[in-house]
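Atom set for the values below is all heavy atoms of this structure, side chains included, hydrogens, waters and symmetry mates excluded. Order of the sequence lines sets the chain letters (A, B, ...), proteins ahead of strands, with each chain counted from 1. Owing to the predicted nature of the structure, the values given are computational and were not obtained by experimental measurement.
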Amino acid sequence: MKSVFTRKIIDGIAAIPAGKICTYGIIAARAGNPSGARQVARVLHSCSGKYRLPWHRVVNREGKISLSKNAGYVRQKILLEGEGVVFDECDRIDLDKYLWWPESSGD
DNA sequence: CTCGTGACTCCCG
DNA sequence: TCGGGAGCCACGA
């Protein structure tokens, strides 16, 4: 862990249940930085190779995968499909159905 | 310590 | 409505 902010991001991602997804912005906001969506991505990159996080359950605001075909887009899609997540004709995920929200801890 | 970057997001044209 | 540009903030060198 580097900082609490990063830690919260990791914790938030790790808290995403299978078959569900979350967006960078939400995780960043829950971590304490609504504008830190990019940091989430950064953390993901770091954690994906260091920790064991469900990075594949994290998508952008449109519910789509931000990765490139040559990056890991295919792998992420496969992983999600393997968890029961389905993609629409636009390779998108139904945020209304699969978008999961971190625990508000009762706020 | 300073500079650069990035799996994003929002706003203006 | 679609497209491009700038902002954002933490982490690595």
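- Residue Thr6(A) places at least one side-chain N or O closer than 4.0 Å to OP1 or OP2 of dC11(C).
- The two residues Leu99(A) and Leu95(A) make their nearest non-hydrogen contact at CB-O, 2.6 Å.
- Judged purely by atom type and a 3.5 angstrom limit, Gln76(A) uses its side chain to pair as donor or acceptor with the backbone of Val58(A).
- Nearest-nucleotide mapping onto DNA chain C: of Phe5(A) and Arg38(A), the residue sitting toward the 5' end is Arg38(A).
- Rounded to a whole Å, the CD1 atom of Ile9(A) is 13 Å from the P atom of dC9(C).
- Hydrophobic clustering, with ILVMFWY side chains joined whenever heavy atoms are under 4.5 angstrom apart, keeps Val4(A) apart from Leu44(A).
- Put simply, Ser3(A) has a side-chain N or O that comes within less than 4.0 Å of OP1 or OP2 on dC11(C).
- When the P atom of dT9(B) is taken as reference, atom CD1 of Ile27(A) falls 10 Å away, rounded to whole Å.
- Between the P atom of dC9(C) and the NZ atom of Lys8(A) lies a distance of 17 Å, rounded to the nearest Å.
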Inset, instruction - For side-chain contact (heavy atoms from CB on, under 4.5 Å), just list the numbers for Ile27(A) and Trp101(A), CA-CA rounded to whole Å, side-chain angles, deciding distance to a tenth of an Å, and then say yes or no. - result: CA-CA 8 Å; Ile27(A) 297 172; Trp101(A) 204 282; over 6 Å; no
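- At a threshold of 4.0 angstrom between heavy atoms, the contacts of Arg61(A) are confined to the sugar-phosphate backbone, with no base atom among them.
- Summarising the geometry, the separation between CZ on Arg75(A) and C1' on dA7(B) is reported as 13 Å, rounded to the nearest angstrom.
- Rounded to an integer number of Å, the gap from Tyr73(A) OH to dC8(B) P is 14 Å.
- Put simply, CG on Asp91(A) is 19 Å from P on dA7(B), counting in whole angstrom units.
- Side-chain N or O atoms of Arg57(A) include one that pairs as donor or acceptor with a backbone N or O of Ile16(A) at under 3.5 Å.
- Separating the CD atom of Gln39(A) from the P atom of dG12(C) is a distance of 12 Å, rounded to the nearest angstrom.
- Considering only side-chain N and O atoms, Asn33(A) lies under 4.0 angstrom from the phosphate OP1 or OP2 of dA10(C).
- Listed pair Ser66(A) / dC8(B) meets the phosphate criterion, a side-chain N or O lying under 4.0 Å from OP1 or OP2.
- Rounding to whole angstrom units, CD1 of residue Ile26(A) and P of dC10(B) are separated by 11 Å.
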